[in-house]
Amino acid sequence: MTSSDSLFEAAQRLLPGGVNSPVRAFGAVGDRPFFVARAAGATIWDVDGRAYLDFLGSWGPLILGHAAAPVVEAVTEAARRGTSYGAPTPGEVEIAEVISRAVPSVEMLRLVSSGTEAAMSAIRLARGATGRDAIVKFEGCYHGHADSLLVKAGSGGATFSMPDSAGVPASLASLTLTLPFNDLEMVRGILDARGHEVAAVIVEPVAGNMGVVPPAPGFLQGLRELTRRHGALLVFDEVITGFRVAYGGAQSLYGVTPDLTCLGKIIGGGLPLAAYGGRRDLMEHVAPLGKVYQAGTLSGNPLAVAAGQATLRALADPTVYRRLDALGSRLAAGLEAAAREAGVALVVNRVGSMLTAFFTRRPVTDYASAKGADTARYAKFFHGMLSRGIFLAASQFEAAFVSLAHTEEDIERAAEASREVLRAL
Ligand code: KE4
C-alpha cells in the first residue's frame, strides 16, 4: 500500500503544495498531511491504516458522518441513472423546495457547485440589482476565493497571514471595504459616509473562518437596520452555518432576515453543491430571466443533489439539533475542564456543533483577538491530539465540527485525550 509520505512526494510534483486546497497541506501546523483511504461514521482511516476520530467533517459538510447509508444509497441510485445531463431534473426542483421551506427568506435560489461560486454570484447579483459597486466584508470572514472577496479573508488567508492574495487587481480590491467583525459603530460610520456606493454587506452570521466567533448581541440586527437604511443588501454567507447551527440556519437562530443567503457544504452532503438565493425580486435579475449572468455545466448535478436531499431529509428531524448541541456542549466543556486542570489559557467559542479552542486568555470576538491566539501552541495541541487518534482542523483559525455519527463515548475520548495533551503542553 502506498504510504502517505510517498503519496505526498508524488503529489507535490503534480499539485501545488501536494494538495487541491491549501489548508489541507497541514502547513499551519508544520506537518505533512496524511492521505485518506476511507471513512465511515465518525472515523477516517489513512492509507497507512491509522484510524482517526474525525472532528473536521470535511470542513463542515459531513453533519451525518462519513458514508451515511441514506447518502450512499441515494448517490449510488442516482449514478445508475446517469451522472449529468445539462438539462433540468426533478431533484433540482425538489431540493429547491426543501431549502426554501427551511429558509423562508430564500424565495428563489440558484444551485451552483461551490461556496465560492455562491458568494461570488451573490455579490455580482447585489451589484447588478443595486447598480452600486462597493461591498463591505469583515476581516477574518472568508467567502471563498473570488477576487472581490479575497481581501483580508479568513480561513487559508488567515492561516497564512496573506490577507490579500496575489493576483487580485488593486482596482478591484479597492471596491471591497473590510471592517472589524462585531463592530457595528464602524459599519454605521462607513455606511453614513459611503452607504450610497455600497451594493451589499456580506457576513458570516457566525464567523467560522477566523475560528468560531459568534455575533455580538445586536450585531446582526444592527446590520439589518443599517443596510436597509442605506439601500444596501444584507448577504448572509451561511455556507458553514446553513443547516449546521439550526435547520433554518443562523438567520433562524438569531431572528434576522437577510436579502440574500449563500449556502453550501451540508446541502451537498459531501458532494459539490451550493446555492445562492433570497428575495424573489432580486433573484429575478439572474439570467436567463434578468441581466445578471451566471452559469455552470454541473450546477444542480444529480448526484450532488441526491446526496443533499438525503442529508437534508435526515436533518428535518428537530431532535437532531438538540443532539448536535448537546454533543458540542460536552466537547466544549471537556476542553475547558482539561485546560483549567492543566493551567493552560484556552477560550472555547461554540455555536451548536461548531466550535474552536483558542489558545489565548482573552475573549475572542473578532479577527484581531483571534490573531492574538498562540498558534504554536495550537500546532502542538493538534499534533498531540492527532497522535492520540483525534483529527482536528489543521489551523487555529478554523472550526471543529461534531456530527450525528459521534457518540458520547467519542466526546469523552476526545476530552480525555485533550487532558493528556494539555497537561504535556
Ligand atoms: P468553497 O468554495 O470552499 O465550497 O466554499 C467557500 C466558502 C464560502 N463561505 C464560507 C463561510 C466558507 O467557510 C467557505 C469555505 N470554507 C473553507 C474552510 N473554512 C473550506 C476549506 C478549504 O478551503 O479547503
Side-chain angles (χ1 to χ4, degrees), residues 28 60 136-143 149 151-161 163 176-191 201-227 234-241 244-246 249-251 253-256 258 325 328-329 331-333 335-336 339-340 344-378 381 392-393 395-401:
V136 173
K137 75 176 286 291
F138 295 92
E139 290 169 6
C141 284
Y142 177 70
H143 307 288
L149 292 165
V151 176
K152 289 195 177 35
S155 186
T159 301
F160 298 111
S161 296
T176 303
L177 308 166
T178 54
L179 298 176
F181 186 71
N182 274 333
D183 188 331
L184 203 54
E185 285 320 303
M186 290 285 279
V187 179
R188 191 188 311 280
I190 277 278
L191 292 183
V201 172
I202 184 168
V203 67
E204 293 180 58
V206 174
N209 287 289
M210 50 181 120
V212 175
V213 179
F219 178 63
L220 298 176
Q221 290 77 357
L223 290 183
R224 178 63 287 177
E225 284 153 30
L226 286 169
T227 47
L234 180 58
V235 182
F236 272 11
D237 179 346
E238 296 226 42
V239 166
I240 288 182
T241 56
R244 167 61 64 179
V245 298
Q251 56 194 270
L253 196 62
Y254 296 98
V256 175
D325 189 59
S329 169
L331 179 59
L335 292 169
E336 287 164 341
R340 271 195 308 278
V344 169
L346 196 77
V347 168
V348 180
N349 283 356
R350 176 183 75 88
V351 178
S353 57
M354 62 187 281
L355 62 138
T356 298
F358 291 95
F359 282 82
T360 182
R361 61 182 73 254
R362 294 174 40 205
V364 178
T365 57
D366 59 13
Y367 184 69
S369 46
K371 294 293 274 183
D374 183 335
T375 52
R377 266 198 156 185
Y378 181 84
F381 178 65
L392 301 171
S395 161
Q396 169 70 94
F397 307 110
E398 295 285 358
F401 296 98

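Note that these values count all heavy atoms, side chains included, but never hydrogens, waters or copies made by symmetry.
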Do the side chain of [X] and the main chain of [Y] share a donor and acceptor less than 3.5 angstrom apart?
X: Asp366; Y: Asp183; value: no
X: Lys137; Y: Thr176; value: no
X: Gln396; Y: Ala373; value: no
X: Arg224; Y: Leu226; value: no
X: Thr356; Y: Glu398; value: yes
X: Glu238; Y: Ala250; value: yes

[atom2] on [Y] to [atom1] on [X], rounded to 0.5 Å:
X: Thr360; Y: Lys371; atom1: OG1; atom2: NZ; value: 13.0 Å
X: Phe401; Y: Leu355; atom1: CZ; atom2: CG; value: 9.0 Å
X: Glu204; Y: Ile240; atom1: CD; atom2: CD1; value: 5.5 Å
X: His143; Y: Asp237; atom1: NE2; atom2: CG; value: 5.5 Å
X: Glu139; Y: Met186; atom1: CD; atom2: CE; value: 8.0 Å

Are any non-hydrogen side-chain atoms of [X] and [Y] less than 4.5 angstrom apart?
X: Pro205; Y: Gln251; result: no
X: Thr365; Y: Phe219; result: no
X: Leu234; Y: Leu220; result: no
X: Leu335; Y: Phe381; result: yes
X: Asp325; Y: Arg350; result: yes
X: Val206; Y: Leu253; result: no
X: Asn182; Y: Phe138; result: no
X: Leu346; Y: Phe359; result: yes

Evaluation steps, side chain to side chain contact (heavy atoms under 4.5 Å, CB included), between Met354 and Thr241: CA-CA 9 Å; Met354 62 187 281; Thr241 56; 4.2 Å; yes
Side chain to side chain contact (heavy atoms under 4.5 Å, CB included) assessment of Tyr378 paired with Leu392: CA-CA 10 Å; Tyr378 181 84; Leu392 301 171; 3.9 Å; yes
I need the minimum non-hydrogen distance between [X] and [Y], along with the two atoms involved.
X: Ala370; Y: Phe358; answer: CB-CE2, 4.0 Å
X: Thr227; Y: Leu223; answer: OG1-O, 2.6 Å
X: Cys141; Y: Phe181; answer: SG-CD1, 4.0 Å
X: Ser369; Y: Arg362; answer: CB-NH2, 3.9 Å

Residues forming a side-chain hydrogen bond (donor to acceptor under 3.5 Å, both in side chains) with Ser353, sequence neighbours excluded: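 Partners of Ser353 under the side-chain hydrogen bond (donor to acceptor under 3.5 Å, both in side chains) test: Arg244.
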Verdict with reasoning, Val187 to Val136, per side chain to side chain contact (heavy atoms under 4.5 Å, CB included): CA-CA 9 Å; Val187 179; Val136 173; 5.5 Å; no
Ion pair Asp374/Arg361, N-O distance below 4.0 Å: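 No salt bridge links Asp374 with Arg361.
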